[in-house]
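A short worksheet on the structure shown next.
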Amino acid sequence: MGFATLSLIAGREAANAGGEFRAVNPATGQNMEPAFISATRDDVDRAVRAAQEAFLVWRKRSAPERARLLRAIADGLDAAAAELVDRAQQETALPEARLQGETRRTSGQCRLFADVIEEGSWVGARVDTAMPDRKPLPRPDIRSMLQPLGPIAVFGASNFPLAYSVAGGDTASALAAGNPVVVKAHPAHPGTSAIVGRIIVESIRSCGAPEGVFSLLFDSGFEVGQALVQHPLIHAVGFTGSRNGGRALMDMAAQRPDPIPCFAEMGSTNPVFILPGALRQQGKQLATGLFGSFTLGAGQFCTKPGMVFLPSQPETTPVLDELRRLTSESGAFTLLTPGIATNYKRSLQSRREETGLAMQEAKEAKGMCAVSAALLETEIDDFLANPEWSQEVFGPTSLVIRYQQREAMMRAAEELEGHLTASVWGTDADLAEYADLIAILERKAGRLIFNGFPTGLEVSDAIVHGGPYPACSDSRFTAVGSRAVLRFARPVCYQGFPEASLPDELRNANPLGILRMINGNTTREAVSS
């Protein structure tokens, strides 16, 4: 497939006008070839204007045509899997098996959205037929459905070089809904992004889609991202990353003369509550599972369990002893970038200096991006007095909070900020006894997990990958799963329109056979005359 070291604007390479940067191999600390050229503000403007021009065509393309493009992208990803995995491994130091799975997930997402839009019911079509004889006032014919927003800015994520990046869930769902996409590639894996960008461009050409439907912009700093969000023709933003980065984009989007939605997934600490019955029944097995989960992917998953509430009872000691042993005997972990490694070490150093926090660490790791696992421990009264300890530390660490009184644990749950997930380990009897805990967690997280750890995410129709702020900018939506398409559409109502001027989804005969609400009843039947 080869690399495009220049940005791709509507299928063509940008001018060689910006500064150079290179990816860094986190395993070796060495700069990688080739050099990539940062986009300019003029490149951003040309990409967005091409997207707006393409939008006027793409939004009217049928669902089967849009689905064809998504499936072509999926096929291209599968065909280039070996090349993608090889380059991504060099740029991220993530294991080969992990990247193979992520490649399959990325192509699978594209096919999922293709299926969703071909079936068609996602548009939420509603029809309220006219009632000309209604007293005291007649009712007009009113029909509505979701329509695409316009050009979408997508930001690639550092920790998922495929599934949350150039052809990831934001791009796939935006294209599915009928929107063009301008992607700002993450500078940590530009080579991987370039390969995927070429796959999308070739898929667009093979399917006869407007070339402006997709552009890919490189940049090692912030200027391109700022210009994208502030461009008046961008209609929404998709972002996965840190709280600081997401918040900055949210503020920029809100401060525009015409504010736009910014769908930011900003990670979380994903609390785990181990209830007394689970501790008695599972014991040290919980320690093994927990350690494996918070160190999976070097602790760089947005669903890493970074906070564990553990009751103080006789079975607690062997669990903690096993966690400490696993942590102290673990090897070095390689983080994605030098910056992430520096922030991880800085965060741990800050916590070492805190009164009331104990820390168990593996021996010091050597290397620019190499770090050691760490297990933090505290008592719940100290935790309640220091709410900042609940904030995410991106890397292989977790905080155990021991509690004796149920009331203190419940208070801690009530004071949690928003999270992507919350996990509860227990027996059926525990669930009945702690129903009030579940009721609290329903308000605090997007996905509740029983007797499981949060790492690992099934891409499906029912999945929710979102949650209250600060986990996400808008808890009404998910960044993963088929409902992610709803972020990039808005309801449009047609009142009194003749049949011939209505979209197919709203016509009386229901030519697409989709599920609709007709006068309050959900059906696939035609509108009766």
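In this chain, residues are counted from 1 in sequence order.
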Any donor-acceptor pair under 3.5 Å from [X] side chain to [Y] backbone:
X      : Y      : answer
Glu96  : Val85  : no
Thr478 : His465 : yes
Thr327 : Leu323 : yes
Arg447 : Pro454 : yes
Thr92  : Leu94  : yes
Asn386 : Glu388 : no
Asn179 : Phe488 : yes
Lys184 : Val154 : no
Ser144 : Cys493 : no
Glu505 : Ala125 : no

Trace of the side-chain contact (heavy atoms from CB on, under 4.5 Å) decision for Leu420 with Cys472: CA-CA 8 Å; Leu420 294 171; Cys472 286; 3.9 Å; yes
Positive for salt bridge (charged side-chain N to carboxylate O under 4.0 Å, His left out) with Glu118, one of Arg71, Arg66, Arg111: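 That would be Arg71; it is the only one of Arg71, Arg66, Arg111 passing the salt bridge (charged side-chain N to carboxylate O under 4.0 Å, His left out) with Glu118.
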Between [Y] and [X], is there a side-chain donor-acceptor contact under 3.5 Å, judged purely by atom types and distance?
X      : Y      : answer
Tyr403 : Arg411 : no
Thr421 : Asn270 : yes
Asn244 : Arg247 : no
Thr303 : Thr455 : no
Thr192 : Glu91  : yes
Ser62  : Glu65  : yes
Ser460 : Glu458 : no

Are side-chain heavy atoms of [X] and [Y] found at a separation under 4.5 Å?
X      : Y      : result
Thr269 : His419 : yes
Leu279 : Leu286 : yes
Thr522 : Arg516 : no
Ser268 : Glu392 : no
Ser390 : Glu415 : no
Phe155 : His186 : no
Val237 : Pro261 : no
Leu336 : Cys369 : no

Geometric class of the Phe294/Phe291 ring pair [parallel <30°, tilted 30-60°, perpendicular >60°]: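 Phe291 and Phe294: perpendicular rings.
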Parallel, tilted or perpendicular: rings of Phe383 and Phe309 (30°, 60°):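 Perpendicular.
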Pair Trp425 and Phe453, ring centroids less than 6.0 Å apart: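 Yes, the ring of Trp425 comes within the 6.0 Å limit of the ring of Phe453, centre to centre.
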Output field: ring centroids Phe263/Phe477 closer than 6.0 Å: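 Yes - the distance between ring centres of Phe263 and Phe477 falls below the 6.0 Å cut-off.
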What's the separation between atom [atom1] in [X] and atom [atom2] in [Y], rounded to the nearest 0.5 Å?
X      : Y      : atom1 : atom2 : answer
Leu84  : Thr106 : CG    : OG1   : 8.5 Å
Arg68  : Cys207 : CZ    : SG    : 4.5 Å
Ser293 : Lys304 : OG    : NZ    : 9.5 Å
Leu431 : Asn451 : CG    : CG    : 7.5 Å
Gln391 : Leu399 : CD    : CG    : 12.0 Å
Leu512 : Glu119 : CG    : CD    : 10.0 Å

Stepwise salt bridge (charged side-chain N to carboxylate O under 4.0 Å, His left out) test for Arg487 and Asp170: CA-CA 9 Å; Arg487 297 173 297 169; Asp170 289 345; 2.8 Å; yes
Glu377 with Arg402: basic N within carboxylate O range, under 4.0 Å: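 A salt bridge is present here (some side-chain N lies under 4.0 Å from a carboxylate O).
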Glu417 and Arg243 ion-paired at < 4.0 Å: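 Result for this pair is yes, salt bridge flagged.
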Criterion side-chain contact (heavy atoms from CB on, under 4.5 Å) on Met252 and Gln226, from CA distance to verdict: CA-CA 8 Å; Met252 275 189 280; Gln226 292 172 347; 3.7 Å; yes
A quick test of your reading: do over 12 heavy atoms of other residues, nucleotides or ligands sit less than 6.0 Å from [atom1] of [X]?
X      : atom1 : result
Arg61  : CZ    : yes
Phe450 : CZ    : yes
Arg490 : CZ    : no

Taking all atoms of both residues into account, what is the closest heavy-atom pair of [X] and [Y], and its distance?
X      : Y      : result
Ala278 : Asp430 : N-OD2, 3.4 Å
Leu228 : Ile234 : O-CG1, 3.2 Å
Gly267 : Glu265 : N-OE2, 2.7 Å
Leu70  : Ala114 : CD1-N, 3.8 Å
Leu149 : His235 : O-CD2, 3.3 Å
His189 : Ala157 : NE2-O, 2.8 Å

Full working for salt bridge (charged side-chain N to carboxylate O under 4.0 Å, His left out) between Glu83 and Arg198: CA-CA 13 Å; Glu83 182 185 11; Arg198 286 291 189 192; over 6 Å; no
Ring-face cation contact, Phe160 with Arg98, 6.0 Å cut, 45° max: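 Yes, a cation-pi geometry.
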Derivation and outcome, side-chain contact (heavy atoms from CB on, under 4.5 Å), residues Leu437 and Phe273: CA-CA 9 Å; Leu437 172 63; Phe273 293 83; 4.1 Å; yes
Met307 and its side chain to side chain contact (heavy atoms under 4.5 Å, CB included) partner, picked from Val393, Val272, Leu376, Leu416: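 Result for side chain to side chain contact (heavy atoms under 4.5 Å, CB included) with Met307: Leu416.
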Full working for side-chain contact (heavy atoms from CB on, under 4.5 Å) between Trp389 and Leu357: CA-CA 9 Å; Trp389 293 353; Leu357 270 181; 3.7 Å; yes
